[in-house]
Number of protein chains: 2
Amino acid sequence: MDEIDRNITVALQLDGSAGLAELAKVAGLSVSATAERVKRLEERGVIRAWRADLDPVAAGCPLLVHILVTVAPGRDETAFRMAMRRQETVLECHAITGDWTYLLKVRLADLPALDAFLNDELRAQSGVQRVETLLAIATVKETSILPVAPATEE
Amino acid sequence: MDEIDRNITVALQLDGSAGLAELAKVAGLSVSATAERVKRLEERGVIRAWRADLDPVAAGCPLLVHILVTVAPGRDETAFRMAMRRQETVLECHAITGDWTYLLKVRLADLPALDAFLNDELRAQSGVQRVETLLAIATVKETSILPVAPATEE
DNA sequence: GCTGAAATTGGTTCGTG
DNA sequence: CACGAACCAATTTCAGC
């Protein structure tokens with residue numbers, strides 16, 4: 001993971017359809033050497049997948065909510081976690097520090113869908129004590145582009 | 001945006017490197033018809049970009065924090081929003097309902113980097129009154145794959 | 001490990017039903 | 001609007017440095 005790999009990963013996050021010729025220029029290498037680098041980044045698991053980045057509104061899920069959840073202590077949370085993983089509308093689920101147990105990121109079509117999710121999916125889970133819904137009024141920024149740290153050894 | 005487009009967008013989110021031959025099978029169309037569909041989805045802005053999906057740990061930003069921020073009312077928040085957009089570590093910034101003004105999603109290398117971000121970038125912004133940091137202990141789920149709504153007209 | 005050219009597997013573009 | 005074949009540009013492979 002040298003400086004060249006860093007440049008490649010940054011470029012491929014911005015535009016993965018650019019092609020090796022374009023990529024070779026930013027890497028400062030030949031086309032074949034660049035292809036080799038990309039293949040190694042895939043093998044090492046740095047690049048996990050190639051994805052189409054969709055517009056949430058066009059995809060039919062314009063509503064974005066973050067939900068703070070408190071789960072009763074001492075309970076086995078495996079069932080809760082499995083249920084969150086299974087739900088397609090749940091984009092993220094993190095166990096967090098502080099007063100709350102989990103923070104969810106959920107994308108939905110409309111408010112009735114939110115109502116249904118809160119009642120049928122979330123509050124239906126055993127152990128769920130407290131729920132607070134934070135509705136996104138405006139999204140200032142939303143990206144999946146990670147800040148690749150410079151100069152990480154092997 | 002019919003059922004075929006839905007299948008295509010779902011498949012391309014899961015694996016954008018599959019190729020048109022593979023994609024044509026899940027779409028139930030010929031290769032050229034599938035290519036036409038994909039091109040139209042790009043033109044209509046449903047597909048915004050093609051990206052390499054990186055592993056956050058391998059990319060050197062294993063620390064994930066969500067930060068709730070209260071900004072003094074009546075202030076012009078343009079400067080704050082611009083600053084958040086400029087920061088590469090800030091993956092998301094949403095204006096939200098409830099007691100807080102903004103919710104941030106931030107990825108960092110380590111705790112010193114978090115300390116630096118809170119002091120130099122966030123609290124340094126004029127108007128910032130209250131900050132609460134929610135550190136992710138464990139990530140149960142984190143995906144960028146959107147739940148594409150079925151049967152959305154035009 | 002990188003280079004550059006040959007070989008091959010794609011995607012793209014046409015005419016046709 | 002979808003199909004199939006020919007075209008063309010891409011990636012992949014390989015010998016040499």
Side-chain angles (χ1 to χ4, degrees), chain A residues 1-55 57-60 144-154, chain B residues 1-55 57-61 144-146 148-154:
Chain A
M1 200 61 177
D2 59 3
E3 191 64 22
I4 295 172
D5 283 333
R6 203 189 84 89
N7 290 335
I8 289 173
T9 50
V10 169
L12 288 178
Q13 282 190 106
L14 292 168
D15 184 9
S17 67
L20 289 173
E22 190 84 8
L23 195 62
K25 282 192 281 186
V26 309
L29 292 173
S30 69
V31 173
S32 53
T34 307
E36 178 70 19
R37 291 271 188 155
V38 173
K39 205 175 78 177
R40 277 187 61 97
L41 285 165
E42 288 177 317
E43 285 167 357
R44 291 183 57 196
V46 179
I47 297 173
R48 290 190 294 199
W50 300 93
R51 301 220 149 90
D53 178 41
L54 302 192
D55 175 35
V57 177
S144 59
I145 299 167
L146 301 177
V148 185
T152 309
E153 294 299 315
E154 176 47 6
Chain B
M1 200 61 177
D2 58 3
E3 191 63 22
I4 296 173
D5 283 333
R6 202 189 85 90
N7 291 335
I8 289 173
T9 50
V10 169
L12 289 178
Q13 283 189 104
L14 292 169
D15 184 8
S17 68
L20 289 172
E22 190 84 8
L23 194 62
K25 282 192 282 185
V26 309
L29 293 172
S30 69
V31 174
S32 53
T34 308
E36 178 69 22
R37 292 273 189 153
V38 174
K39 206 175 77 177
R40 279 185 60 100
L41 286 166
E42 288 178 315
E43 285 167 356
R44 292 182 56 196
V46 179
I47 297 174
R48 289 191 296 200
W50 301 91
R51 300 221 150 89
D53 177 42
L54 302 192
D55 174 35
V57 177
C61 46
S144 59
I145 299 168
L146 301 177
V148 185
T152 308
E153 293 299 314
E154 175 44 9

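Letters go in sequence order (proteins before strands), and every chain restarts at 1.
- Atom NZ in A:K39 sits roughly 10 Å away from atom P in D:dC14 (whole-Å rounding).
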Go through the steps to decide whether A:D15 and A:E22 satisfy the test side chain to side chain contact (heavy atoms under 4.5 Å, CB included), and finish with yes or no. CA-CA 10 Å; A:D15 184 9; A:E22 190 84 8; over 6 Å; no
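- Atom CG in B:L29 sits about 13 Å away from atom P in D:dC1, given to the nearest Å.
- Between the side chain of B:R51 and the backbone N or O of A:R51 there is no donor-acceptor pair closer than 3.5 Å.
- Atom CD in B:E36 sits about 15 Å away from atom C1' in D:dG4, given to the nearest Å.
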Please report the C-alpha distance between B:D55 and A:R44 in whole Å, then the side-chain angles of each, then the deciding distance to 0.1 Å, and finally whether the salt bridge (charged side-chain N to carboxylate O under 4.0 Å, His left out) criterion is met. CA-CA 10 Å; B:D55 174 35; A:R44 291 183 57 196; over 6 Å; no
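- Separating the CD1 atom of A:I8 from the C1' atom of C:dC2 is a distance of 13 Å, rounded to the nearest angstrom.
- Considering only the side chain of A:L20, D:dT11 comes nearest among C:dA5, C:dT13, D:dT11.
- In this structure, A:R37 reaches the C:dC2 phosphate: one of its side-chain N or O atoms is under 4.0 Å from OP1 or OP2.
- Following rounding to the nearest Å, B:D2 (CG) and D:dC1 (C1') show an atom-to-atom distance of 12 Å.
- At whole-Å resolution of the value, CG in B:L23 and P in D:dA2 are 14 Å apart.
- The separation between A:E43 atom CD and D:dT12 atom P is 12 Å, rounded to whole Å.
- Using a 4.0 Å cut-off between a side-chain N of Lys or Arg and a carboxylate O of Asp or Glu, A:R6 and A:E3 qualify as a salt bridge.
- Not a single donor-acceptor pair, N or O on each side, falls under 3.5 Å between the base of D:dG4 and the side chain of B:S30.
- The distance between atom CD1 of A:I4 and atom P of C:dG1, rounded to the nearest whole Å, is 12 Å.
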